[in-house]
Amino acid sequence: MKTSTILVGLTMSLLLLALPAAASDYTLGVFGNANEDDTINMQDVTYTELIILEYKDQTQLADGKHDDRINMQDVTQIELIILEREKELTVLDATDRIVTINKPVERIASSSMPQDIRTICALGAADKIVGIPDIITDEADRFPAIYIPHPELLELPIAGSPYFGGPYLEVIASLEPDLVLVSYADADAVQEAVGVPTIAVPAIDMNALAFKGFKWLKMMGYVLGEQERAEYLSSYFNDKLDEVSDVTSEIDEKPEVYLAFWTDFTYTPATYAPVEVAGGINVADDPGTYGPYGSFMWQVSKEQIITWNPDRILIHSYIPTMHMISMDDVLDDLDLQTIPAVENKDIYYTKGFQFGWDPATGVVECFYMAKLFHPDEFAGLDVEGEGNEILEEVYGVDGIWTEMNDMFDLHTWD
């Protein structure tokens, strides 16, 4: 295990969490999405025709052909996208770059975050991956959603690193990809160097659950010609979230929760959707407060945690077989003995995000937290069974959550 990789990775991930995303940031960034919602369908055809007739104002994404004109060619392009017969697709990446991709995409090289490999796997397109980021092989045991269903991916050439060295341009060029995925890199420079469309992807899309939009999952669905699968997964995730929130929304008494994330007990995310979905209150949820890593992740004093007086403490367990923060460390801290969570030993490990956000495991975490927070209301819930079922639906293999449960030392129920 490379501790330096972990620490740098955490810092880099945090730096990209500078500002909370607005709902508009979850608009599907595909040219052809004329009405700028979260999908492309016949409503976009109608909307574009109304723009042409001057009954609607122009939108950027109505220019499906991306030729700075909105006309019937854009209507045709939108219809082709709906039918999955388009020859080109233009998208907005995470840095608002406009990238035109030749279709179909058959070969993908990624020096980006593991979450992008997980997304491609979830969409049933793992066979299109020809190059992977180094972290997937360097710390393979952290990514059971990759190595259990697709162990063959660990044998692929290394296309670069999200953190050290960036994209390996010569390797990428030799792989002859149709598409390159990068993060923490100059996507324009990579695209120019290798001559291949290059998309910059977000480091962490942790608000996907909050907005229930799953924008990047859907975008990759359009890129890979798997939009039906992407729409299905998005709907499936939302249905699962509703199973939890339909119960928790009726609960009046909700525990106050402190999340101890990353490498120190005093680091905490100001926004973490699974807590709210599961019927908890994140004590650090203060949009007006900024810490060293912006409004998402900030560092607080121990005195502030004592003042918050949380009922539950969840510790981010992001390193298999070891903990940077342990439950015993918290229970034995003499300064924290008056906190209800410590008095009652209501302290647990939780998975959190692992070098990027996986919507599937985030949804499972909502079930996990719901039973931790409200054991009576969720007495009949089999968290392990539910988790395995969800991850099998997404990744095609049973037992992934059981592996994660053991790996990250999560709580289990008799």
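If you're wondering where the values come from, they're calculated on a predicted model, not measured in any experiment.
The shortest distance between side-chain heavy atoms of Glu303 and Trp308 does not fall below 4.5 Å. Using a 4.5 Å cut-off on side-chain heavy atoms (C-beta onward), Thr268 and Val300 make contact. Counting heavy atoms from C-beta outward, Tyr368 and Leu410 have side chains that approach closer than 4.5 Å. Using a 4.5 Å heavy-atom cutoff, the side chains of Asn388 and Glu392 are not in contact. Between Ile199 and Val180, the closest side-chain pair of non-hydrogen atoms is not below 4.5 Å. In this structure, Trp216 and Leu28 have side chains that are not in contact, with every pair of non-hydrogen atoms separated by 4.5 Å or more. Contact check for Leu169 versus Val190: side-chain heavy atoms found under the 4.5 Å cut-off. The side-chain heavy atoms of Thr137 and Ile132, taken from C-beta on, include a pair separated by under 4.5 Å.
Lys128 places no side-chain N or O within donor-acceptor distance of the main-chain N or O of Leu224, the cut-off being under 3.5 Å. In terms of modelled atom types and a separation under 3.5 Å, the side chain of Asp74 and the main chain of Gly64 share a donor-acceptor contact. Checked by atom type and distance alone, the side chain of Glu106 never pairs as donor or acceptor with a backbone atom of Pro177 at under 3.5 Å. Asp134 places no side-chain N or O within 3.5 Å of a backbone atom of Asp138 that could act as its donor or acceptor partner. Ser110 places no side-chain N or O within donor-acceptor distance of the main-chain N or O of Pro133, the cut-off being under 3.5 Å. Under a 3.5 Å cut-off, the side chain of Ser245 and the backbone N or O of Val277 do not form any donor-acceptor pair. No donor-acceptor pair under 3.5 Å is formed between the side chain of Asp311 and the backbone N or O of Asp346. A side-chain donor-acceptor contact under 3.5 Å links Thr119 to the backbone of Gln115. The closest donor-acceptor contact from the side chain of Asn41 to the backbone of Gln43 lies under 3.5 Å. In terms of modelled atom types and a separation under 3.5 Å, the side chain of Asp63 and the main chain of Ile70 share no donor-acceptor contact.
Atom-to-atom distance recorded for Arg229:CZ and Glu226:CD is 8.5 Å, nearest 0.5 angstrom. The CE atom of Met327 sits 11.5 Å away from the CD1 atom of Ile313 when rounded to the nearest 0.5 Å. Between Met407 atom CE and Ser317 atom OG the span is 10.0 Å, to the nearest 0.5 Å. Atom NE2 of His150 is separated from atom CD1 of Ile129 by 7.5 Å, given to the nearest 0.5 angstrom.
Glu36 and Thr27 share no side-chain donor-acceptor pair at under 3.5 Å. For Asp37 and Tyr47, the side-chain atoms include no donor-acceptor pair closer than 3.5 Å. No side-chain donor from either of Glu231 and Tyr236 sits under 3.5 Å from a side-chain acceptor of the other. In summary, the side chains of Ser326 and Asp329 do present a donor paired with an acceptor at a separation below 3.5 Å, with no hydrogens or angles considered.
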Worksheet item: Is there a side chain to side chain donor-acceptor pair (under 3.5 Å) between Asp264 and Thr266 once you walk through the steps?
Response: CA-CA 5 Å; Asp264 190 285; Thr266 59; 2.6 Å; yes

Worksheet item: Run the salt bridge (charged side-chain N to carboxylate O under 4.0 Å, His left out) check on Glu256 and Arg312 step by step: do they pass?
Response: CA-CA 6 Å; Glu256 296 190 337; Arg312 305 280 194 284; over 6 Å; no

Worksheet entry | Audit row: Asp409, Tyr348, side chain to side chain donor-acceptor pair (under 3.5 Å) steps and yes/no | CA-CA 9 Å; Asp409 203 13; Tyr348 309 93; over 6 Å; no

Practice prompt. Please step through salt bridge (charged side-chain N to carboxylate O under 4.0 Å, His left out) for the pair Lys65 and Asp67, ending with a clear verdict.
Written response: CA-CA 6 Å; Lys65 295 287 290 182; Asp67 57 5; over 6 Å; no

Discussion item. Side chain to side chain donor-acceptor pair (under 3.5 Å) for Glu393 and Tyr232? Distances and angles first, verdict last.
Written reply: CA-CA 11 Å; Glu393 186 70 25; Tyr232 168 76; 2.5 Å; yes

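Remark: aromatic rings of Phe261 and Tyr272 are close, center separation under 6.0 Å. Aromatic ring centres of Tyr349 and His411: separated by at least 6.0 Å. Taking the six-membered ring wherever Trp is involved, the centroid distance between the rings of Phe31 and Tyr222 does not fall below 6.0 Å.
A salt bridge links Arg97 with Asp188; the closest basic N to acidic carboxylate O contact falls under 4.0 Å. A salt bridge links Lys302 with Asp335; the closest basic N to acidic carboxylate O contact falls under 4.0 Å. Salt bridge annotation for Glu365-Lys351: absent, with no cationic side-chain nitrogen under 4.0 angstrom from a carboxylate oxygen. A salt bridge does not link Arg107 to Glu176: none of the charged nitrogens lies less than 4.0 Å from a carboxylate oxygen. With respect to Asp38 and Lys215, no salt bridge is recorded, no charged nitrogen being found less than 4.0 Å from a carboxylate O.
Residues Trp298 and Ala270 share a closest heavy-atom pair of NE1-CB, 3.4 Å.
For the side-chain contact (heavy atoms from CB on, under 4.5 Å) test, residues two or more places apart in sequence or in another chain that qualify with Glu88 are Thr100, Asn102. Qualifying salt bridge (Lys or Arg N to Asp or Glu O under 4.0 Å) partners for Glu386, counting only residues two or more places apart in sequence or in other chains: Lys240.
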